[in-house]
Amino acid sequence: MTPAPPKAAGRAYGVYRPVLPVTGPRRPDRMVYTGDADGRCEIFTWDRSTGTGRQVTDRPHGTLLCAIDADEAVWWFDEDRGGSGRWRTQPFDGGPDRPALTGVPYGRPAGLALGASGTVAVGIRSPEGFGVHLGRPGGAGATVLRTTDSATLCDLAPDGRLLAVSGPAHSARAVTLLTPDGTTVAVLSGTAERTWALGFAPAPTPARGPLPVPGRALLLVMRERAGRYHLGTWAPGRGLELLPWCSFGTETTARWYPGPGGPRVLLRQDRHGRSRLFTADLDRRELTPVPTPEGSILDAAPAADGDVHVIWTDAVNVPRALSLSGAPLPGQSRWRLPRFGHRQDLWTPGPDGPVHTFVTTPADRPAPHPLVFLVHGGPADHDRDAYDPMVQALVGSGCAVARTNYRGSTGYGPRWRAAYSEGVGHTQVADLVRARADLLERGIGREGAVGLCGTSWGGYLTLLAMGTRPDLWDVGVAVKPLADCVTAFRHSTPALQALDTALFGGTPDQVPDAYAHASPSTYAAAIRSPLLVVAARRDAKCPPEQVEAYLAVLRAGGVAHELMWLDSGHDGYDGADHLAVIRRSLRFLGRGLPAAPVPAEPSPHAERR
């Protein structure tokens with residue numbers, strides 16, 4: 001079976017949340033999952049048949065990625081604080097752990113695929129580039145592919161005879177099929193229509209409907225065409241076949257259903273900050289909605305017994321694992337978190353259509369309120385109808401909170417995601433400015449008490465907005481931000497360099513004016529409001545060198561600011577770091593927003609059950 005793939009390359013800050021249980025292929029009742037261990041993400045096992053489980057990992061800074069293979073061995077990625085490491089395995093019932101594959105370079109995870117035959121494939125990004133390594137657990141990993149191009153291992157065919165590697169969705173090598181000896185079998189281009197690989201069919205399938213001959217590997221793909229996302233299938237020797245009855249107007253991902261019966265697919269659509277689930281029967285050519293609670297489904301996976309497991313949340317409920325059949329699942333939250341305020345959806349007119357903002361206001365205080373924009377990362381991401389402890393803490397302190405899905409956000413269709421008519425960064429800032437004016441005109445926010453707080457790309461927009469429109473913002477917090485676009489490119493990973501090259505239309509050497517125009521460091525000297533910058537020494541996505549370059553501009557311009565350094569990478573699995581940033585941010589925002597109370601010891605107000 002194939003575990004959920006790692007998050008695509010981007011600058012969206014990792015959300016601290018549970019990860020779905022991954023079911024063992026031989027005994028569906030045996031699961032591994034990522035759960036809470038005293039404020040850290042760690043790996044656990046659970047045997048549903050006996051109701052027993054155990055904690056597998058106990059590392060100082062947490063563990064996130066896990067899987068279970070055909071022999072029911074637990075896999076987890078043993079990474080350092082900078083995000084580099086190797087996969088290790090341990091028997092489900094306990095015992096010594098060992099390297100999953102020997103001879104694999106130390107690096108960052110870039111895909112894991114576990115074939116039904118017992119063969120496994122590992123994708124790793126190291127300083128030398130991206131590599132795919134193939135072998136059997138505990139044995140030596142043979143190198144199948146080495147490249148300096150941006151790529152991720154997508155999947156391994158069940159019989160171990162074919163691998164799928166994903167490049168950038170818009171590239172000439174959006175999907176590449178390889179044999180175990182490294183021979184390229186077929187390539188699917190995404191230059192005309194963006195294309196994503198989603199995974200091989202879990203078992204040989206009948207030769208009817210859209211399916212190939214029995215035993216031939218069938219790959220599920222998603223292709224963007226004519227403003228919609230179309231599900232399709234692809235196999236060597238036959239062209240890509242899109243399914244016209246299975247297309248969506250906003251971003252949608254899909255996974256095969258395991259088990260007996262005809263070929264089925266589970267689809268999850270992100271639409272206007274909320275989620276919908278569907279099943280697709282490829283034989284009958286039927287698309288069926290799956291009833292789910294209103295809110296956001298952060299992940300969804302079909303189980304071998306036909307059930308569907310999801311990570312669900314909404315504005316007042318913390319993310320938790322649910323079985324849509326009602327069966328008990330492990331890893332439920334042990335934290336009781338507060339529920340403050342009223343939430344509403346606000347749509348503000350804009351040049352490319354209305355801009356959607358989730359607004360949360362204090363329930364016990366009259367408007368207008370001090371107003372904080374929590375700016376989401378990405379840029380290919382969006383704010384959701386989902387629980388956010390920062391929202392609750394701010395509202396509990398008397399602030400209104402706005403979460404705006406500016407142009408470039410996902411969940412509103414390809415045209416919205418690609419709308420950069422006012423330039424990279426400046427388009428998004430323009431939408432924040434429009435939402436700000438709307439909220440003040442409606443009497444929700446108050447002039448002279450409007451702040452910005454964002455992480456990663458959201459931190460970038462915070463810095464850019466404060467530099468380009470210093471008259472509008474009274475305080476700002478930028479956490480692990482993109483702060484100097486050229487320096488970030490020079491010190492970034494190949495995947496992020498490819499993303500920036502596509503976004504700006506070239507490299508800094510090719511289009512220097514585009515990078516300068518979009519870079520917060522160009523405007524840093526104009527900032528006049530209080531600014532807190534939080535950065536990480538081991539950050540590979542928003543490297544510390546580019547934060548230092550930005551800070552040098554602040555110092556040269558005499559701009560007052562505060563600085564907080566973390567000894568971590570971009571994504572963190574230790575709740576202590578998250579709590580420290582929330583506390584520092586709340587105090588800083590409270591001091592900068594008139595009439596906003598400053599708690600003596602601000603926190604997400606979590607109480608242990």
Side-chain angles (χ1 to χ4, degrees), residues 10-12 348-357 373-383 402-410 412 414-440 450-474 476-478 481-489 496 499-508 510-529 531 533 542 546-547 549-550 553-554 557 559:
R11 292 194 172 94
T348 303
D352 291 300
V355 181
H356 184 199
T357 301
F373 279 81
L374 286 185
V375 190
H376 75 73
D381 203 349
H382 62 273
D383 270 315
R403 295 180 293 161
T404 298
N405 284 326
Y406 47 73
R407 282 171 289 176
S409 301
T410 54
Y412 299 82
R415 181 173 173 268
W416 187 262
R417 192 205 63 244
Y420 284 85
S421 57
E422 296 166 63
V424 175
H426 296 272
T427 301
Q428 291 69 47
V429 169
D431 286 347
L432 294 173
V433 170
R434 290 185 181 94
R436 176 192 182 278
D438 195 3
L439 285 161
L440 267 59
V450 184
L452 290 163
C453 180
T455 300
S456 195
W457 182 268
Y460 158 72
L461 294 179
T462 295
L463 296 180
L464 187 65
M466 293 191 70
T468 57
R469 298 300 304 270
D471 54 316
L472 299 183
W473 316 105
D474 302 290
V477 176
L482 172 65
D484 185 279
C485 293
V486 174
T487 308
F489 187 94
L496 286 171
L499 185 150
D500 286 347
T501 299
L503 191 62
F504 290 103
T507 68
Q510 295 167 332
V511 287
D513 291 346
Y515 282 79
H517 181 63
S519 183
S521 59
T522 302
Y523 314 96
I527 293 176
R528 292 294 176 264
S529 298
L531 173 64
V533 178
C542 296
Q546 54 94 34
V547 175
Y550 179 83
V553 178
L554 290 181
V559 177

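Remember, predicted model here, so these are calculated numbers, not experimental data. For the single chain, residues carry numbers from 1 onward in sequence order.
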Separation between [atom1] of [X] and [atom2] of [Y], rounded to the nearest 0.5 Å:
{"X": "C485", "Y": "Y460", "atom1": "SG", "atom2": "OH", "answer": "5.0 Å"}
{"X": "L499", "Y": "F504", "atom1": "CG", "atom2": "CZ", "answer": "9.0 Å"}
{"X": "T501", "Y": "Q510", "atom1": "OG1", "atom2": "CD", "answer": "7.0 Å"}
{"X": "T487", "Y": "L482", "atom1": "OG1", "atom2": "CG", "answer": "10.0 Å"}
{"X": "L374", "Y": "D383", "atom1": "CG", "atom2": "CG", "answer": "7.5 Å"}
{"X": "L554", "Y": "Y550", "atom1": "CG", "atom2": "OH", "answer": "4.5 Å"}

Using ring pair (Phe, Tyr, Trp, His ring centres under 6.0 Å) as the criterion, list what pairs up with Y420, not counting sequence neighbours.
none
Taking only Lys NZ, Arg NE, NH1 and NH2, and the carboxylate oxygens of Asp or Glu, determine whether R436 and D438 approach each other closer than 4.0 Å.
no
Nearest heavy atoms of [X] and [Y], plus distance in Å:
{"X": "A483", "Y": "S519", "result": "O-OG, 3.7 Å"}
{"X": "F373", "Y": "L439", "result": "CZ-CD1, 3.6 Å"}
{"X": "V547", "Y": "P481", "result": "CG2-O, 4.1 Å"}
{"X": "G423", "Y": "Q428", "result": "O-OE1, 4.3 Å"}
{"X": "G378", "Y": "W457", "result": "N-CB, 3.4 Å"}
{"X": "T404", "Y": "A435", "result": "OG1-CB, 3.8 Å"}

Let me see the working for V559 and R528 under side chain to side chain contact (heavy atoms under 4.5 Å, CB included), right down to the final yes or no.
CA-CA 7 Å; V559 177; R528 292 294 176 264; 4.2 Å; yes
Are any of the side-chain heavy atoms of [X] and [Y] separated by less than 4.5 Å?
{"X": "P520", "Y": "Q546", "result": "no"}
{"X": "P470", "Y": "I527", "result": "no"}
{"X": "R469", "Y": "L432", "result": "no"}

Expected output: side-chain R415 to main-chain Y412 donor-acceptor under 3.5 Å
no
Is a side-chain N or O of Y515 found less than 3.5 angstrom from the main chain of G506, in a donor-acceptor match?
yes
The single option from L531, V433, T462 passing side-chain contact (heavy atoms from CB on, under 4.5 Å) against W473:
V433
If the test is side-chain contact (heavy atoms from CB on, under 4.5 Å), which one of V429, L452, V477 qualifies with V375?
L452
What pairs with [X] under side chain to side chain donor-acceptor pair (under 3.5 Å), at least two apart in sequence or on another chain?
{"X": "T522", "result": "none"}
{"X": "D474", "result": "none"}
{"X": "Y406", "result": "H376"}
{"X": "R407", "result": "D352, S421, E422, D431"}

Kindly determine whether R417 and S409 satisfy side chain to side chain contact (heavy atoms under 4.5 Å, CB included), including the steps that lead there.
CA-CA 5 Å; R417 192 205 63 244; S409 301; over 6 Å; no
Who are the side chain to side chain contact (heavy atoms under 4.5 Å, CB included) partners of H426, not counting sequence neighbours?
L464, T468, H517, Y523
